[in-house]
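This report refers to the structure that appears directly beneath it.
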Amino acid sequence: MAQSHEVHVYAPGQEPSEIPAGAGAGIIFHGASAPRPSSWRHFGLYPAALRKDWSRLNTKEVWQLISELRPDRVHVEYIQPVESVLGSTGVPWTVTLHDVTTRVFRQRADRSRGLERPYRWLEFLRVSALEKKVVKKAKRVFTLSARDAAWVARFVPRNAVSHLKVGIDRAPKLWSARDCESTTFVFAGAMWRDANIAAASYLVHEVMPIVWESLPSAVLRIVGSRPSAAVVALGDDHRVQIVGEVPSIEDEYIKAAAVLSPSLVDAGVLLKALRALACGSPLIVNDAAAVPLEVTDGVECFVRNSPREIASQMISISEDSRTAEKVAAAGPGFIHNNFSWKRFEEDMATGIDE
């Protein structure tokens with residue numbers, strides 16, 4: 001007889017009415033309170049930045065679920081919710097680190113200035129202590145890039161770490177040089193996240209002015225949910241358009257001349273960049289974004305690092321999009337060969353069950 005499984009999903013801010021259609025077949029979604037960050041989060045040992053996405057109330061709700069359900073295993077996505085498993089739950093738990101938060105916060109601290117600097121270094125120390133504790137206590141740590149797996153392996157045996165390659169769905173439609181808008185470029189992401197806010201500001205203030213010298217009509221569309229006040233302030237409704245959430249990110253990608261996905265920190269695997277590759281859209285990244293993706297410049301995408309290099313590539317694509325066709329066309333095949341949902345599911349199931 002086949003063994004049956006029941007998976008319970010808890011996600012902050014998910015109301016019962018938002019439960020995905022067709023949920024069932026052993027998958028049960030639980031309504032959850034939205035995070036309620038308090039100004040008091042800046043004091044104490046727990047990193048304040050993590051409280052933006054996961055409040056103490058969320059931890060209490062997870063504890064209650066664990067108490068009621070008595071699960072065989074608990075899995076945590078991202079580092080924010082780890083407070084709920086570091087307590088004495090008595091249940092084996094695993095975690096997926098979507099990036100190495102310690103590295104990201106170290107880079108933020110290095111870039112900080114003035115009165116902000118002591119606070120950024122304090123946050124780095126808090127994150128560093130927590131993340132090291134997490135990787136040492138977890139039954140298994142999953143990472144999304146080989147680089148992050150190597151960092152985790154500094155603190156735990158190598159066989160306690162699994163490098164997953166996330167799955168990406170096939171794009172419903174592919175980019176075409178004939179159909180795109182030759183002077184429109186897209187940057188996408190969760191526009192309330194600090195890393196995306198910084199990247200958007202970088203593109204608007206350092207890259208686009210160079211582009212506009214040659215292409216005065218060039219437009220940058222900043223797409224993504226919950227744009228912060230700082231992001232909204234970047235827009236002018238003409239050459240910098242703050243779009244917000246859209247029904248389909250793929251529709252944005254295939255209409256643009258190119259997708260921009262640089263990162264100012266050593267982030268993990270950028271799913272927005274993978275989705276651009278799946279669409280066969282010309283993709284421009286920098287080294288920080290390219291290394292975790294394991295892409296090659298001029299093969300699946302364009303790797304450009306300085307503002308002038310990025311701007312020059314944008315201008316080249318805009319003036320003759322055919323120059324990007326061969327590189328863009330390699331994207332879907334790269335995704336198909338390297339980012340399979342089936343392989344992802346098998347590797348995660350093996351790691352959790354061991």
Side-chain angles (χ1 to χ4, degrees), residues 37 41-54 76-83 86 95-138 141-156 158 160-164 187 189-203 205-206 228 230-231 261-273 285-294 303-307 310:
R41 74 181 190 276
H42 298 288
F43 305 94
L45 297 177
Y46 206 77
L50 306 189
R51 287 283 186 224
K52 292 169 61 178
D53 305 316
W54 186 275
V76 174
E77 287 287 319
Y78 297 96
I79 193 174
Q80 283 87 338
V82 295
E83 181 184 51
L86 284 173
V95 61
T96 299
L97 299 181
H98 287 240
D99 56 27
V100 173
T101 311
T102 298
R103 186 187 295 122
V104 173
F105 274 71
R106 173 60 187 264
Q107 291 173 325
R108 289 180 184 172
D110 283 338
R111 294 201 312 269
S112 61
R113 298 290 182 270
L115 295 176
E116 178 191 18
R117 191 170 176 81
Y119 176 78
R120 289 294 185 187
W121 278 102
L122 174 61
E123 272 288 83
F124 159 69
L125 293 173
R126 291 190 288 204
V127 166
S128 177
L130 177 65
E131 194 158 42
K132 289 174 184 176
K133 183 178 181 180
V134 166
V135 301
K136 291 176 181 178
K137 286 185 171 291
V141 180
F142 298 99
T143 68
L144 303 185
S145 73
R147 179 182 65 187
D148 292 350
W151 183 88
V152 175
R154 293 165 52 195
F155 307 100
V156 298
R158 186 74 200 196
V161 186
S162 292
H163 167 206
L164 298 175
F187 173 76
M191 294 315 305
W192 48 274
R193 290 190 178 277
D194 290 342
N196 289 330
I197 295 170
S201 178
Y202 167 78
L203 290 171
H205 294 304
E206 299 190 43
S228 70
V231 171
S261 194
S263 178
L264 301 189
V265 295
D266 285 338
V269 170
L270 298 181
L271 298 183
K272 57 193 175 187
V285 294
N286 59 358
D287 281 334
V291 170
L293 297 175
E294 300 180 39
V303 182
R304 304 290 181 265
N305 287 297
S306 71
I310 294 173

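Position 1 is the first residue of the sequence, and the numbers go up from there.
- The line from CG of Leu270 to NE2 of His98 is 12.5 Å long, rounded to the nearest 0.5 Å.
- By the 4.5 Å heavy-atom criterion applied to side chains, Arg126 and Leu45 are not counted as neighbours.
- In plain terms, the two heavy atoms of Ile197 and Ser228 that are nearest each other are CD1-OG, 3.3 Å.
- Panel note: side chain Arg111, backbone Leu264; a donor-acceptor pair is recorded below 3.5 Å.
- Here the CD1-CG distance, from Ile310 to Leu203, works out to 6.5 Å after rounding to the nearest 0.5 Å.
- One finds the CZ atom of Arg103 at 11.5 Å from the CZ atom of Phe124 (value rounded to the nearest 0.5 Å).
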Is there a ring pair (Phe, Tyr, Trp, His ring centres under 6.0 Å) between His163 and Phe142 once you walk through the steps?
CA-CA 6 Å; His163 167 206; Phe142 298 99; over 10 Å; no

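- Considering every non-hydrogen atom in both Tyr119 and His42, the closest pair reads OH-ND1, 2.6 Å.
- Rounding to the nearest 0.5 Å places CG of Leu86 at 6.5 Å from CG of Leu130.
- Salt-bridge formation is not detected for the pair Arg120/Asp110: no Lys NZ or Arg NE/NH1/NH2 atom is positioned less than 4.0 Å from an Asp or Glu carboxylate oxygen.
- Using modelled atom types, one finds a donor on one side chain and an acceptor on the other under 3.5 Å when comparing Asp287 with Asn305.
- Side-chain N or O atoms of Ser263 include one that pairs as donor or acceptor with a backbone N or O of Val265 at under 3.5 Å.
- Across all non-hydrogen atoms, the minimal contact from Ser306 to Tyr202 is C-OH, 3.8 Å.
- Nearest heavy-atom pair, Gln80 versus Asp53, reported as atom, atom and distance to 0.1 Å: NE2-OD2, 3.2 Å.
- No donor-acceptor distance shorter than 3.5 angstrom exists from the side chain of Glu77 to the backbone of Thr96, with no hydrogens or angles considered.
- In summary, Glu83 and Arg51 engage in a salt bridge, as defined by a charged side-chain N under 4.0 Å from a carboxylate O.
- Contact between Pro262 and Ala199 at its shortest, heavy atoms only, is O-CB, 3.8 Å.
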Derivation of the side-chain contact (heavy atoms from CB on, under 4.5 Å) call for Val156 and Val152
CA-CA 7 Å; Val156 298; Val152 175; 3.8 Å; yes

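- Side-chain atoms of Ser112 come within 3.5 Å of backbone atoms of Ala109 as a donor-acceptor pair (strictly under, hydrogens ignored).
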Start with the C-alpha distance between Val104 and Asp266, add both sets of side-chain angles, then the distance that settles side-chain contact (heavy atoms from CB on, under 4.5 Å), and finish with yes or no.
CA-CA 6 Å; Val104 173; Asp266 285 338; 5.6 Å; no

Please test Lys52 against Trp192 for side-chain contact (heavy atoms from CB on, under 4.5 Å), starting from the C-alpha separation and ending with a verdict.
CA-CA 10 Å; Lys52 292 169 61 178; Trp192 48 274; 5.5 Å; no

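- Here Asn196 contributes atom CG and Ser201 contributes atom OG; the two are 12.5 Å apart, rounded to the nearest 0.5 Å.
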Before giving the answer on side-chain contact (heavy atoms from CB on, under 4.5 Å), spell out for Arg106 and Trp121 the whole-Å C-alpha distance, their side-chain angles and the decisive distance to 0.1 Å.
CA-CA 7 Å; Arg106 173 60 187 264; Trp121 278 102; 3.2 Å; yes

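- Atom CZ in Phe105 sits 7.0 Å away from atom CG in Asp194 (nearest 0.5 Å).
- Glu123 contributes a side-chain N or O that, together with a main-chain N or O of Ala48, makes up a donor-acceptor pair within less than 3.5 Å.
- The shortest side-chain heavy-atom distance between Phe155 and Lys133 does not fall under the 4.5 Å cut-off.
- Between Leu97 and the choices Val135, Leu144, Asp148, the side-chain contact (heavy atoms from CB on, under 4.5 Å) rule is met once, by Val135.
- A pairwise comparison of heavy atoms in Val303 and Asn286 identifies CG1-C, 3.9 Å as the closest pair.
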